[in-house]
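Just so you know, these numbers come straight off a predicted model, no measurement behind them.
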Amino acid sequence: RSSKEEGQSNFTNPGILLAGLGVDMDVLPTLRVSLNANTLYFDDPTVVEVARNQGPIDKHIGYDVSAALTWRPMMSQNIVLRASYATLLAGDGFDALFPDDDPGYFLLNAIFSY
């Protein structure tokens, strides 16, 4: 909202609690593997329940799991190729909001510099 507006904001953030573990492993001088796992919870799902006009929503959103491979074939930053995949293993809170969704994402990234 504009800094010139007066009054209260029209949205309250439900807040997210996140706990996770991650590891980066240099398997070869040219290859790095990254693994991450997080669990996500709404701090206060009441805000979402009111915004969606929906019954009780569980606090547990789900588990976010991801893996990535980074390959630098010349052992420099001139060529960097990265492939990653992330998915959300839906908890009851996510299923209550999006019952038919199964989120998963695959990403390819290439950097070429001279």
inquiry  = Restricting to ring pair (Phe, Tyr, Trp, His ring centres under 6.0 Å), what partner residues turn up for Y41, sequence neighbours left out?
reply    = H60
query = Less than 4.5 Å apart, any side-chain heavy atom of T30 and any of P73?
reply = no
query = Does some side-chain heavy atom of L88 sit less than 4.5 Å from a side-chain heavy atom of L40?
reply = yes
According to a 4.5 Å side-chain heavy-atom criterion applied to Ile, Leu, Val, Met, Phe, Trp and Tyr, with indirect links allowed, do [X] and [Y] form part of one hydrophobic cluster?
X	Y	value
L17	L21	no
V80	L31	no
L89	L18	no
L35	L28	yes
F94	I16	yes

Throw together a table of side-chain donor-acceptor distances under 3.5 angstrom for residues 61-70, partners on residues two or more places apart or in other chains.
| residue | atom | partner | partner atom | Å |
| --- | --- | --- | --- | --- |
| D64 | OD2 | N38 | ND2 | 3.2 |
| T70 | OG1 | R82 | NH1 | 3.1 |

key: For G93 against I57, the heavy-atom pair lying closest together   = O-CG2, 3.8 Å
Closest contact, heavy atoms only, D26 versus R32 = OD1-NE, 2.8 Å
message = Can you list everything that forms a side-chain hydrogen bond (donor to acceptor under 3.5 Å, both in side chains) with D44? Sequence neighbours excluded, please.
response = T46
Derivation and outcome, side-chain contact (heavy atoms from CB on, under 4.5 Å), residues R72 and I79 = CA-CA 6 Å; R72 298 178 310 132; I79 299 174; over 6 Å; no
ask   = Counting N and O atoms only, with roles assigned by atom type, does the side chain of Q54 sit under 3.5 Å from a partner on the main chain of E49, one being a donor and the other an acceptor?
value = no
request  = Using the test salt bridge (charged side-chain N to carboxylate O under 4.0 Å, His left out), find all partners of D102 that sit at least two apart in sequence or belong to another chain.
outcome  = none
query = Which hydrophobic side chains are connected to M75, either touching it within the sub-4.5 Å cutoff or through other members that do?
reply = none
Listed pairs under 3.5 Å, donor-acceptor, residues 105-114 side chains, sequence neighbours left out:
| residue | atom | partner | partner atom | Å |
| --- | --- | --- | --- | --- |
| S113 | OG | Q77 | O | 3.4 |

task = Give a yes or no on this: more than 12 heavy atoms of other residues, nucleotides or ligands lie within 6.0 Å of atom CE of M74.
result = no
